[in-house]
Each structure stands twice: as structure tokens, then as C-alpha cells.
Number of protein chains: 2
Amino acid sequence: MKTVSNVINGYAHVAEGTKERVLAAVETVGYRPNLSARNLARGRSGVIALVVPRLEMPYFAGLAGQLIEQAEARGWFVLIHETGWDRMAERAAIEGQFPQRIDGLIVSAQQLERADLDQRTATTPLVLLGERSFGDAVHHVAIDNTAAARTAVEHLIERGCRRIAMVGASDAAADDPRRRGYLEALEAAGLELQPDLMLPIRANSGEEGERVVRELLESDVALPDGVFAVTDWVALGAMRALHLHGLRVPDDAAVVGFDDIPYARAVTPSLTTIAPDRAALAEVALRMLETQLNPAGGLAEPVHQTVPFELVVRESTTSFGPPQSRAH
Amino acid sequence: MKTVSNVINGYAHVAEGTKERVLAAVETVGYRPNLSARNLARGRSGVIALVVPRLEMPYFAGLAGQLIEQAEARGWFVLIHETGWDRMAERAAIEGQFPQRIDGLIVSAQQLERADLDQRTATTPLVLLGERSFGDAVHHVAIDNTAAARTAVEHLIERGCRRIAMVGASDAAADDPRRRGYLEALEAAGLELQPDLMLPIRANSGEEGERVVRELLESDVALPDGVFAVTDWVALGAMRALHLHGLRVPDDAAVVGFDDIPYARAVTPSLTTIAPDRAALAEVALRMLETQLNPAGGLAEPVHQTVPFELVVRESTTSFGPPQSRAH
DNA sequence: CTGAAAGCGCTTACAG
DNA sequence: CTGAAAGCGCTTACAG
């Protein structure tokens, strides 16, 4: 019994011959371990929860797909849980309030505050995703949002943009990494900051992106020639507003988004955007969970980790031949 | 033991007083059943698989969200599995080839053929989703695709369209329900069928939609004044091609899609489309699975069932004020 | 390096 | 209507 178990679980110290015989038997019998029994014996559930605002948002669906795939290799189920951008729902999630018990939590923090984490009583291993940072109280993985935003805005500047709006600048100046990247890029290029071009929004939705850009275009402020939007959805809204105002993208104003959702390449013009390395995101998150579950070796201090991103250049910042040139 | 179990599982025949005492104890102790143990004892895994081509596609993500939510209420986990539109992967899925054993299968059939079902040896309860039909060999739930397509095309006709292209007409004339709906609508309106306007595509992608519409526009065929696309993605590609050709949507050509993915309301112009009732889809699929698991009462004959859909009218078939009128 | 035995937390005939 | 006991299929000290 123990020997078979050792082989199945890949423990060392099994005689080579024995191991082969066991594997051969596994093969001929078609044995597959019963995960319910295993988890029961191990005192685990075999389930980790992925908490996102809404699975239908392609960014989160893509992330979920990655996570499911990589979790499978480690014998975990991924229970997907939606919060609908509700802070209370996110709080309940980090407290592990699920119908079943779970071994670990990966939470895309949208509304969560530092205080919510400080008040957390649950001890379930937790990994946070997303651009917000929460000090050293918790494991956290994300791309370097400041660098990514800087890259996006530098790209616009290289394209000749001089009046670059940021759609989705949060009010809280200090701790918004993307806003910081925007400012850094402007400063590095010697461009003056135009507060009128920093457009806060209430939610990262297309509607909000459209609304604030429309308001900008209808105001007295001189037109922007570039737009950096905090998500692709917001960028789509911004493009809509530009279009409705008779401005051509990218000729009159270039646009860069963030996330690289599938629509980014489907829209007209297709959208230049920042593509986070989702696979790396998923992998690091899972590793962080494992570290907390098996505090073997070193101590499992909460850590931040960043993963790569990429600027994907498409039509919204380059050319957009036939359509626009023909229309005008 | 048995009594507590009875209460927890909602079996009848427990004295009211006893029941209350049990529930009170559950409350004070904070008892939550261990699903691993339950499933082990019941000989189930508690897991059902949802098999889709790609979770990142919003239609499937939305469906998955619905299914997860409703499965939770029935004590099921949903294991999401991606096939990437690969027929072999779909075949493997219906054979239940998953790393863990599963209690039931909900499969969005994309490439699956009737023959694959006939050859199936696995006995895991199975429910098929999607527009393709497979005879009476298997449980199947979908909207009435013929009626939906007819509704979409009738809407275009009402809007004054007379030369309506169908993007995504399959080659196999007979058994494509959406094609049939298209034909029915034309016939009912006394419009002549234009074979040149039926555009087959290799995949339901934006690229393919764009390609075939571009080819149509660049051909000698007279321009269409309406487009019915088999999915929203395809419709987005079609709109792109129209736009690139200098045609205005909806003024020069109105467009209707299918699925009602989130982008449909985010694009410019926003897209008129057919919205299937995803919640109903999920619910019926789960009920069909339960029927197969508990063949109590009547026999569990494979059945087809349809769920409601809705035509969501947006700008791509109505007006699209400022933008286009201004540009021209 | 390997076997025998207990135990994980449920469900389910079986008595009563 | 309710209790005692076995069993689901694993893992894990514990011997050897």
C-alpha cells in the first residue's frame, strides 16, 4: 500500500524495479486515483478559488483559463467565484466564505482596501492579483504597472503625440502605478503635464471611457492627440467618443489600451495595448499558494512579484489605411 | 448519525423537534459538510465538466459563469475544459478523459460529428450545447436557432434591407438551422435568394467575417444593404470590412450578429444581435444531467429542449447619429 | 525500501 | 423516527 502510494505520489526511495512494476500495473488496470479519497485523507479539499469581478470579462476569462490549466497539473480544481466589483463580496471572499472549504485563494482585488486585509481573520493561503498594492501584508503578483504605463505613453510620444490624455487616472494621486507611469513618461519627454487631460472615471467600463472623453471633446480644452486608457474596455469607449466627435484614430488621436483582450484585435481600428503575461501570472500565483501550503525550507514571507508584459502595437497608433483615408 | 445526515440532506421523516435541534447545533458549531468525504461515500466526484472551445470567448465565459453559479446550488463543482475547436479534443472530452473522474459532462459541440457520438463508449451523463443537432442519441439544449436567425433577418427586412448577405452560411445546406432561418425569412418576405450573398467561412472568427465580406465588396456582385452574421465576432469582422470599404453601418448596410457578447454594446456602432437566455441554458443543462444521474420516475430518454432568445436592437440596424452623419 | 493498520468525514443499509 | 457499524479509497505514522 505504502509503496504504491509512494510511486503514485512520486516520492523517492522506491526500488527501481518495484516502481516499474507498480507503474505497469497502473497502466494495465487503468488506475486513476480517487481525488475525493485523497483529499479526505490529506485533510484538504483540492479546491482553490479564483475570485474575479466577472468571468465574462475576457481579461479574467483568459486568466482563469491559464489558471485552470496550470492548476490541473498540480491536482487542483479551480472554483471560480464572481464578486461583481463589490467590496463586500471581495471581503467575504478573502474570509473564505464559500459553500465548500478551499485550500487557497487567488483574488483579483478591485475594491478591496488595506483595512480589509488587516481585519482578515481567515488563515487560508491568499494571493492577490491586480494593480493595487497592499504593502507587505500579503502575497501579490502583477506586472510592473508603472513601467507598463510608461511604455504605453512613451509609445504615443514616439508616434508624435504631444497632448496625451489619460483616461482612468484615479483621484488618489500617490498610489496609482499607472498614473505614475504616465507622469514619468511625460516628464522624461519634457512634456508639460496638462491636468485637464487627466480624466478620472468611476469604473473601468466602456461607458465611462466614452463619457469622459466626450466631455473633454465638448469642453473648451484643446483636443488631445493621444489617449492612454487604463483598460482596453475604457479605450474602446474612448475610441467611440472620438469617432462620434468626428475624430479619426489614429490620424487625429492615437489610442493605447491595457490588457490585450481579444476584442483589441477585432475592433476597427485594432487597438494597441499592453499585454500582461497571463501564463506567468497564473504560474506565480500558484507557486505562491504552494509556498504557503508547504512552508518547508525557508519561511513563507509575503512577497511581491512582477511578471513580464509586452506592448502590442496595432492600428490605433500606427496606420489605418483604406478606411479613413478614403472617407476623408 | 443517520438523523443528522437526514437533516443535512433534507430527507423527510425527521421529527420536527429533532430537526430544529440539529440545525441549531449546525449553526452554533459552524458545521459545513466535507464534500470530499461526502463524495467518497457516495461514490461520486462532485465534479461536472464544462467543455468549451475557449473560455476567453465571452459567450462561453458568460455561459460558464451561469453554470458555475447554478451548479453551486446543487453542490457541484464545474471543471472547465478547453478544446480549442479541435474535434479530437472534443472526442476525448465526451469519452470522459479527464485527469479526475467526473459525474457529468456539458459539452459545447463545435466540431463533433454524429459518428463520434455513435462510437462513444463512456457512460458518463452527457448534455450537448450548441446549434448543431445530433438526432435523438443524446440530450441537447439550445435556442431555436432557425427561429432566431429568422427573427434577425426579418428585422433587417423590416429596416428596409433587400440584399441581405449571410456571413457564415455553412456549405452543408440541409442541417444548418441558422441558414434555414435566413432562407425562411427571405421567402416569407418574397425576396429572391441571391446565392452570391451566402458567404461560407472556415471558422467563426472576426478575421473570417472580414475576409469574406471584403471579397464580396471587391467582387462584381452588387453591394449588400444588410448583413446577417452567425456570431457577433463574425459580425465585428464584417463591420470592419464594410468600414474599410467606405460603407457606413447602418446607413449603407445594416448588420445583425448572434450571441450578444459584451463587445456588442461596446463597439461603434453598437451591434444588434440575438441574445440567447444563458441562464435558462445553464439551468436546463444541469437538470438534464440530474435526470440522467437519478433515473428515478420515468425513464431518462435523451431529449432536446429549447430555451428562449431575444433580439437586442442596437445602432448597427437603427440610427447612428453624430458620427457618420458628421463624417459625410 | 515495504507492509499492516488506523483514520480522514461522510453515507447507507440494517436493526430497533 | 433514530442509533451503531461498516465502508468509500486514499494517506500516513509505525514497524520491520
Who are the side-chain contact (heavy atoms from CB on, under 4.5 Å) partners of B:Thr146, not counting sequence neighbours?
-> B:Asp144, B:Arg150, B:Pro177, B:Arg180, B:Glu184
Can you tell me which residue pairs pass the ring pair (Phe, Tyr, Trp, His ring centres under 6.0 Å) test with a partner in residues 16-39 of chain B, sequence neighbours excluded?
-> none
Taking only residues at least two apart or on different chains, which pairs with a member in residues 18-41 of chain B satisfy salt bridge (charged side-chain N to carboxylate O under 4.0 Å, His left out)?
-> none
Go through the side-chain N and O atoms of A:Ser45 and A:Asp103 and say whether any donor and acceptor fall under 3.5 Å apart.
-> yes
Atom pair distance, as rounded to whole Å: CG in B:Leu35 and P in C:dC10 = 9 Å
note: B:Arg21, atom CZ; D:dT2, atom C1'; distance rounded to Å ~ 11 Å
Hey, what are the protein-to-nucleotides 3-8 of chain C N/O distances that come in under 3.5 Å?
residue : atom : partner : partner atom : Å
C:dC8   : O2   : A:Ala41 : N            : 3.4

Let me have DNA chain D in dot-bracket notation, would you? Count Watson-Crick plus G-U wobble pairs, both distances under 3.5 Å, and use [ ] for pairs crossing earlier ones and | for inter-strand partners.
-> |||.||||||||.|||
Write down the distance between CZ (B:Arg38) and P (C:dT12), rounded to a whole number of angstrom.
-> 10 Å
Contacts of A:Phe98 meeting ring-ring contact (aromatic ring centres under 6.0 Å, His included) (sequence neighbours excluded), chain-then-number -> A:His81
Quick one: A:Asn39 CG to C:dG9 P, roughly how many Å, whole number?
-> 13 Å
Got a sec, which residues hit side-chain hydrogen bond (donor to acceptor under 3.5 Å, both in side chains) with A:Glu95, two or more places apart in sequence or on another chain?
-> A:Thr121
Verify the contact: side-chain N or O of A:Ser5 to OP1 or OP2 of D:dT11, cut-off strictly under 4.0 Å; return yes or no.
-> yes
Find the distance A:Lys19:NZ to C:dC1:P and express it as a whole number of Å.
-> 11 Å
Any residue meeting side-chain contact (heavy atoms from CB on, under 4.5 Å) with A:Pro262, in chain and number order, not counting sequence neighbours | A:Pro58, B:Glu56, B:Trp233, B:Tyr263
Return the set of residues passing side-chain hydrogen bond (donor to acceptor under 3.5 Å, both in side chains) with A:Asp116 (not counting sequence neighbours), or none when no residue passes.
-> A:Arg87, A:Arg91
